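Below: the structure, in structure tokens.
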Protein chains: 2
Amino acid sequence: MQNSQSSSKRFLDIIGELQSLISEQKIEYGDRLPSERHLAEKLQVSRTAVREALRSMELLGLIETRRGEGTFLSDFKKHQLVEVLSTFIMQQARSIQDVVDTRMIHERAAITTVTENEELRKLPVWVGMQSRLREGDSVFSREDMVRETIVATENRLSLKIWFLLKQYSGVSFDIAIEADEEIAIVHDLLDEMMAGNKEKALICYEKWMDQVEGERRETK
Amino acid sequence: MQNSQSSSKRFLDIIGELQSLISEQKIEYGDRLPSERHLAEKLQVSRTAVREALRSMELLGLIETRRGEGTFLSDFKKHQLVEVLSTFIMQQARSIQDVVDTRMIHERAAITTVTENEELRKLPVWVGMQSRLREGDSVFSREDMVRETIVATENRLSLKIWFLLKQYSGVSFDIAIEADEEIAIVHDLLDEMMAGNKEKALICYEKWMDQVEGERRETK
DNA sequence: TATGCAGGGTGGTCAGACCACTCTGCTGAA
DNA sequence: TTCAGCAGAGTGGTCTGACCACCCTGCATA
């Protein structure tokens with residue numbers, strides 16, 4: 001066919017066909033894909049070729065395979081991608097500091113966006129968060145606060161990048177707030193955000209991050 | 001061995017071993033990797049397994065294969081990754097607008113960082129850029145300006161993310177500056193950055209982007 | 001000297017086999 | 001009748017050996 005043209009990238013074609021198949025048959029996240037043998041027959045290629053395509057997609061975290069059960073469309077939470085890219089791409093990063101810096105870039109941007117947008121400032125989520133802070137909700141964590149802010153911006157790509165970065169730098173990021181001082185800072189941050197004071201909100205954020213950093217050093 | 005433990009993810013192990021091999025033998029971007037047959041023998045696995053690992057890495061853009069020649073470590077400019085993820089992950093993004101927004105997040109952050117750091121403001125690159133602008137250097141492009149700013153922050157991860165985002169949203173982003181008005185804005189932006197006026201620099205940036213956006217709409 | 005061809009090495013693909021595992025339904029014992 | 005246990009089918013995981021298409025190199029020939 002067009003083999004001579006597209007040359008040597010058969011497995012890319014197969015991935016493409018799989019994508020079509022998935023969207024045609026309306027396969028949702030978590031659903032099972034046809035077996036490797038069936039796919040090979042359907043696409044008129046060898047099982048080897050199908051497997052190469054599937055393994056690639058698995059590495060990307062697009063699918064998930066379970067021996068004896070089948071191949072499933074992944075809900076793309078479990079990215080092996082993270083581990084693999086970490087050794088290749090991340091070795092290019094100056095250090096883990098780049099990851100932290102980049103994560104903070106996204107967090108600052110979210111705070112700025114929310115603070116500058118009246119609609120977003122009025123969201124009930126902020127009030128709810130303040131209540132939880134006052135009541136000493138032990139389930140409340142730093143992660144919640146930042147995540148909700150990024151969620152509010154409705155930029156799902158930024159949210160996704162932030163989520164990946166958090167996994168890297170996420171050491172001690174899930175710790176629930178205990179220190180009174182930290183609670184106070186976050187409370188201030190929320191206040192300033194809701195009031196629309198961009199500069200002050202960002203200052204609160206920096207103060208918060210400084211404290212988190214200091215705390216992280218102590219525990220080490 | 002630990003097969004039963006790490007279970008069914010042999011090809012991930014192989015990728016790991018390849019990474020070790022690459023770093024041990026100091027294989028640089030563009031260099032050739034051992035052939036599939038040699039790798040299979042060296043790692044004591046079948047060529048099939050090696051190929052599954054290699055195809056995965058190829059999809060990530062980590063390596064490049066040329067029939068009859070061999071497998072080469074990619075210089076990680078040509079990411080098929082972009083195309084593949086675009087259909088899967090990007091469909092989760094609200095729209096292409098997310099990509100543009102996120103790209104701008106990184107650009108604003110870079111401008112802020114440079115403007116707030118006296119050392120970075122003094123870099124000779126800014127002066128050089130102004131000269132090129134004045135002389136109407138036709139090679140000078142928008143991309144250069146933004147890229148140099150991010151490069152200056154020395155956050156290679158942010159640079160990498162920006163680069164990927166640019167490939168998505170990069171339509172008409174490589175156009176050389178022609179409009180006098182645009183040159184003036186960029187000139188101002190450089191001035192404000194070097195002067196350390198964060199707010200004004202950011203205002204210039206927004207103005208610039210507005211104009212670019214308008215221009216993009218016109219050409220369509 | 002220059003041309004062209006043959007051989008070896010490389011990735012690309014395939015068929016078929018076997019293993020380990022999971023699930024299901026049937027069989028036989030309680 | 002009920003339920004435990006087993007056998008079989010189906011799945012992914014791996015391997016072998018083979019053949020093809022392609023690139024490069026070096027040797028033989030014109």
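What you are looking at is a predicted structure, and each value in this text was computed from that prediction instead of being measured. Lettering follows sequence order; numbering is per chain, from 1.
One atom, CZ of A:Phe72, and another, P of C:dC21, lie 17 Å apart when rounded to the nearest Å. When the C1' atom of D:dC15 is taken as reference, atom CD of B:Glu41 falls 15 Å away, rounded to whole Å. Rounded to a whole Å, the CD atom of B:Glu64 is 11 Å from the P atom of C:dG12. For the pair B:Leu33 CG and C:dT10 P, the interatomic distance rounds to 12 Å; values are reported in whole Å. Across the protein-nucleic acid pair, B:Glu36 atom CD and D:dC23 atom P stand 16 Å apart, rounded to whole Å. Between A:Glu52 atom CD and C:dG12 atom C1' there is a gap of 8 Å when expressed in whole angstrom units. What separates CD1 of B:Ile63 from C1' of C:dG12 is a distance of 14 Å, to the nearest Å. Regarding A:Gln44, its CD atom lies at a distance of 14 Å from the C1' atom of C:dT13, rounded to whole Å.
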Give the intermediate values and the outcome of side chain to side chain contact (heavy atoms under 4.5 Å, CB included) for residues B:Glu52 and A:Arg51. CA-CA 7 Å; B:Glu52 289 186 1; A:Arg51 278 186 60 80; 2.8 Å; yes
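For B:Arg67, no side-chain nitrogen or oxygen approaches OP1 or OP2 of D:dC20 to under 4.0 Å. For the OP1/OP2 pair of C:dC23 and a distance below 4.0 Å, the side-chain nitrogens and oxygens of A:Arg66 include no atom meeting the criterion. Distances shorter than 4.0 Å separate none of the side-chain N or O atoms of B:Thr71 from OP1 or OP2 on C:dT10. At C:dT10, one or more side-chain N or O atoms of B:Arg32 fall inside 4.0 Å of OP1 or OP2 (strictly under the cut-off). Residue B:Thr65 places at least one side-chain N or O under 4.0 Å from the OP1 or OP2 atom of C:dG12. Taking 4.0 angstrom as the limit, B:Ser46 places none of its side-chain polar atoms (N or O) nearer than this to OP1 or OP2 of D:dT16.
Looking at which nucleotide of DNA chain C each of A:Arg37 and B:Glu69 is closest to, the 5′-most match is held by B:Glu69. Looking at which nucleotide of DNA chain C each of B:His38 and B:Arg51 is closest to, the 5′-most match is held by B:His38.
Side-chain proximity of B:Ser35 to the nucleotides C:dG11, C:dA15, C:dG12 is greatest for C:dG11.
Within the 3.5 Å criterion, the main-chain N or O of B:Phe72 finds no donor-acceptor partner in the side chain of B:Arg66. Judged by distance alone, the side chain of A:Gln44 and the main-chain N or O of A:Glu41 form a donor-acceptor pair under 3.5 Å.
Side-chain atoms of A:Ser158 and B:Asp101 form no donor-acceptor pair, as typed in the model, at a separation below 3.5 Å.
In terms of heavy-atom proximity, A:Ile185 sits nearest to A:Trp208 at CG2-CB, 3.7 Å.
For C:dG12, its base sits under 3.5 Å from the side chain of B:Arg47 at one donor and acceptor pair at least.
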